[in-house]
Colleague: 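I'd like to ask some things about the structure below.
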Amino acid sequence: MFESYDLTGVFDEMFEAPGAPRPHYAPALERLSRLDATSFQRRRRMADVTFVNQGITFTVYSDKLNVERIFPFDLVPRIITAREWDIIERGLVQRITALNLFCKDIYHDQRILTDRVIDPALIYGAKMFRREMIGFPVPRDIYIHICGTDLVRGGDGQYYVLEDNGRTPSGVSYVLENRTVMKKVFPQLFDDYQVRAIEDYPLNLLNTLSHIAPRHADNPTIAILTPGIYNSAYFEHSFLARQMGIELVEGQDLLVENNFVYMRTTAGLRRVDVLYRRLDDDFLDPLSFRPDSLLGVPGLMNAYRMGNVSLANAVGTGVADDKAIYPFVPDMIRYYLKQEPILPNVPTYVCARDTDRKFVLENLDKLVVKATNESGGYGMLMGHQATQTEREKFAELIREDPRNYIAQPIVELSQHPSAIDEGGKLRFEGRRIDLRPYILSGDKVIVMPGGLTRVALRRGSLVVNSSQGGGSKDTWVLEE
Amino acid sequence: MLLLITHNTELSYTEMISESVMELRVTPRQEMYQHRLSFDLAIGPPTSVNSYFDWLGNSVHSFTVNGFHNAIRIEATSVLEVDRKTIDLMDTNDRWPLEPPADYTLCDYMQFGGPVVDCPELRELVHDLRVRPGTPVGEIAFRMMQSVHDRFVYEQGHTTVSSPITDFLRLGKGVCQDFTHLFIGMARALGIPARYVSGIVHPMKEALRGTTQTHAWCELLFPEFGWVALDPTNRRQAGNNFVTLGVGRDYRDVAPNKGVFRGRAVESMAVTVESTLLQQVPEELAAERLRPLPIPVYPGWARDRRILSNAFQVAKSAQQASQIAQQTGQSAQ
């Protein structure tokens, strides 16, 4: 099944050399090799049926039909050693600490700007810089409570940070469900490993949210604010609410009275103290932000400003995960923590800088161009695969609005064997993967061991976004 | 100049509404040139009012009326003293182009955004000013006022408060917001920091355009003098009869009132402003006072009639053009 497995030109997670698995993958490989196609198919069907029955689906927005799809699940688990994880974990804790200090600084003293570590024009030109937050002390100085940082592994095996999703990162429900399904359909695989548990994530999340409850709330009421059933991550919102035993509310279920937020219940109004909002800033409060938003809660910002309700994540964290500000995160780490970054960034060209822009325009065929305020793989150009027309269109866009674009060299993601089914014959082929660990900052910073490994299921593809045809696999972090 | 200003806003609705949430920016600012002695705010239906300073230093009052109602009344009364310095625009030392300011927060007053849109027509207008290196900034301001005054007509009913300057440039007609936004756009195109001012003008002898109610003008930053207040609608500098309520990047930052309510009613708004020149400070002034007005709420109303629509409406007072796009509320992180 691994006979024709191709290792050329990339970092492979399982194999050091053809036929030579890395030691921590050997027991898994041994078990997988002993499987026959039929029993593997059976397990796969079991897994698929479980996902459909649970309603674990997502929607692709650009797709006119807006149909729900299941997120393809790849049965071969990704395994990360304790030693490797230790580096990732320390790197992520360092990064979120710096990002939270950055948010606090940007909305208060702006030392990093007055010291000219970051060009102020970059911040003042960022769409997600929320001036409403200037001078407003958020509870316990935490801005990003829930972060989903994307990591990729280059040809050298080094982990790089691709982006910090510090607004409303999604996907953690897949991580939890993938593990449940994996245990159900492939229990034997776990026999040879001590895999670190992830099942305490909902409890940790709940503690993180309780940590920021307003002082007057002894036994705080916490709720998840969802944009509603048409949102692609609605499943996740309801899943997390159920796991934590808290209410799932939409904007229309809430009401502001005398700067407190209340939930309409069958027994009358009930005060809400903390909202885990899965709604972008723009839609939160039609009075403060987009006036046409029907999804938010009018007056919510006033209640927030008065300290009567806490929001996770805080308003305005988008300034930290703006793609044109991302290149400065290593500088933030040096500036605020006086440390060297443990996890490096992917080299990034900021089109707002003249020299960078010139280089980008001259090398469009070798670069990935991204719009700074988009995410999820939208507004992107993969230079080497694009047509001349597409490249010219992007060159035009960059010239018109340089602040809105950055470019990066094409990162050769690492590959991992995926089970490929061709005409009833089971084979393993390398597919590109990334990793999104989830980081909670509350009383202390907790990194969930593992995270979402996304797989680019199309052969040779480097795009892992679920909206662009990606799948996922269970991710194991080993105890020792 | 010692002034007593009453600034009343009456909102009425064709049907019962509920859950009104409002934000007011109607308090005269405390400035070097403007000293507020007293501010009295009365709101009905009676409710609790909270106040805070926004990031621009404007003072904001917010309140909610959740019960059913069909009218809201807001009365803001201030006593203040204005003593502005005016400058001779034809005699200034600052030369164009200006050095980029050391204070980076001025970025906000130098970049385009909201209704102040950069466009070829704006650039053409700026080109026609024939600004050359070395031209005094005061003279540029004067030419800008001349240009806006000569080419555009003051006429109501063509634009709204949220109209971008592209509309004004195309129509050639508009009101004080449009004159001000365009003027700001021209200044920013030349690298001169410019900000929007919302306020009230006490009528003096000569007829000022757009003075019956609230007014809008602009401030340009002259390195030599600081902010210089200019009224492009009337081609003049702001005098002591100009009362500043709020400053911001453009109208969006300083709307005197904006609100959201639940219901299907159509809103109409009547604003009346009166100002009196005082000879002496009245006795027994309260520095700041909040009062309820006897406008009713109808708690029993919901039992009598069912609400058909659940949709929130943006109150017309905000007059934001709303295009309801497909809303998902979240980018795909």
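Here is how names work: the chains are called A, B, and so on, in the same order as the sequence lines, proteins then strands, and each is numbered from 1. No experiment lies behind these values; they were computed from the predicted model shown. Below, all heavy atoms of this structure are taken into account, side chains as well, without hydrogens, waters or symmetry copies.
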Colleague: What closest approach, in Å, do B:Thr64 and A:Glu257 show between heavy atoms, and which atom pair accounts for it?
Modeller: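 Closest approach of B:Thr64 to A:Glu257, heavy atoms only: OG1-CA, 3.8 Å.
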
Colleague: Using a strict cut-off of less than 4.0 Å between a Lys/Arg side-chain nitrogen and an Asp/Glu carboxylate oxygen, indicate whether A:Arg131 and B:Asp54 qualify as a salt bridge.
Modeller: no

Colleague: Looking only at heavy atoms, what is the nearest atom pair of B:Arg262 and A:Gln252, with distance?
Modeller: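 Here B:Arg262 and A:Gln252 meet closest at NH2-O, 4.0 Å.
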
Colleague: With a 4.5 angstrom heavy-atom cut-off, is it the side chain or the backbone of A:Leu113 that approaches chain B, or both, or neither?
Modeller: both

Colleague: Let me know if A:Met133 has heavy atoms under 4.5 Å from chain B in its side chain, its backbone, both or neither.
Modeller: neither

Colleague: I want to check something: taking the side chain as every heavy atom from C-beta on, are A:Asn302 and B:Asn50 in contact at a cut-off of under 4.5 Å?
Modeller: no

Colleague: Between A:Thr226 and chain B, which part of the residue has a heavy atom less than 4.5 Å away: side chain, backbone, both or neither?
Modeller: neither

Colleague: Quick check for you: among B:Leu56, B:Asn66, B:Val65, which has the greatest number of heavy-atom pairs under 4.5 Å with chain A?
Modeller: B:Asn66

Colleague: Mind listing the closest non-hydrogen atom pair of A:Ala121 and B:Cys107 along with its distance?
Modeller: CA-SG, 4.1 Å

Colleague: Are B:Val21 and A:Asp285 side-chain neighbours, meaning at least one heavy-atom pair lies under 4.5 Å?
Modeller: no

Colleague: For A:Asp282, is it the side chain, the backbone, both or neither that has a heavy atom under 4.5 Å from a heavy atom of chain B?
Modeller: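 A:Asp282 has no heavy atom closer than 4.5 Å to chain B.
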
Colleague: Side chain, backbone, both or neither: which part of B:Tyr52 has a non-hydrogen atom closer than 4.5 Å to chain A?
Modeller: side chain

Colleague: Please say whether more than 12 non-hydrogen atoms of neighbouring residues, nucleotides or ligands are located less than 6.0 Å from NE2 in A:His108.
Modeller: yes

Colleague: Looking at A:Ile134, A:Thr114, A:Leu287, which makes the most heavy-atom pairs under 4.5 Å with chain B?
Modeller: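 Of A:Ile134, A:Thr114, A:Leu287, A:Leu287 has the most heavy-atom pairs under 4.5 Å with chain B.
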
Colleague: Answer yes when A:Arg305 and B:Glu23 have at least one side-chain N-carboxylate O distance shorter than 4.0 Å, and no when they do not.
Modeller: no

Colleague: Between B:Thr105 and chain A, which part of the residue has a heavy atom less than 4.5 Å away: side chain, backbone, both or neither?
Modeller: both

Colleague: Does some side-chain heavy atom of B:Tyr104 sit less than 4.5 Å from a side-chain heavy atom of A:Arg116?
Modeller: yes

Colleague: Under a 4.5 Å heavy-atom cut-off, does chain B meet the side chain of A:Arg277, its backbone, both or neither?
Modeller: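 Neither; nothing under 4.5 Å.
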
Colleague: To the closest 0.5 Å, what do you measure between CG (A:Asn259) and OG (B:Ser48)?
Modeller: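 The OG atom of B:Ser48 is 7.0 Å from CG of A:Asn259, to the nearest 0.5 Å.
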
Colleague: Is the closest side-chain heavy-atom distance between A:Asn258 and B:Phe63 below 4.5 Å?
Modeller: no

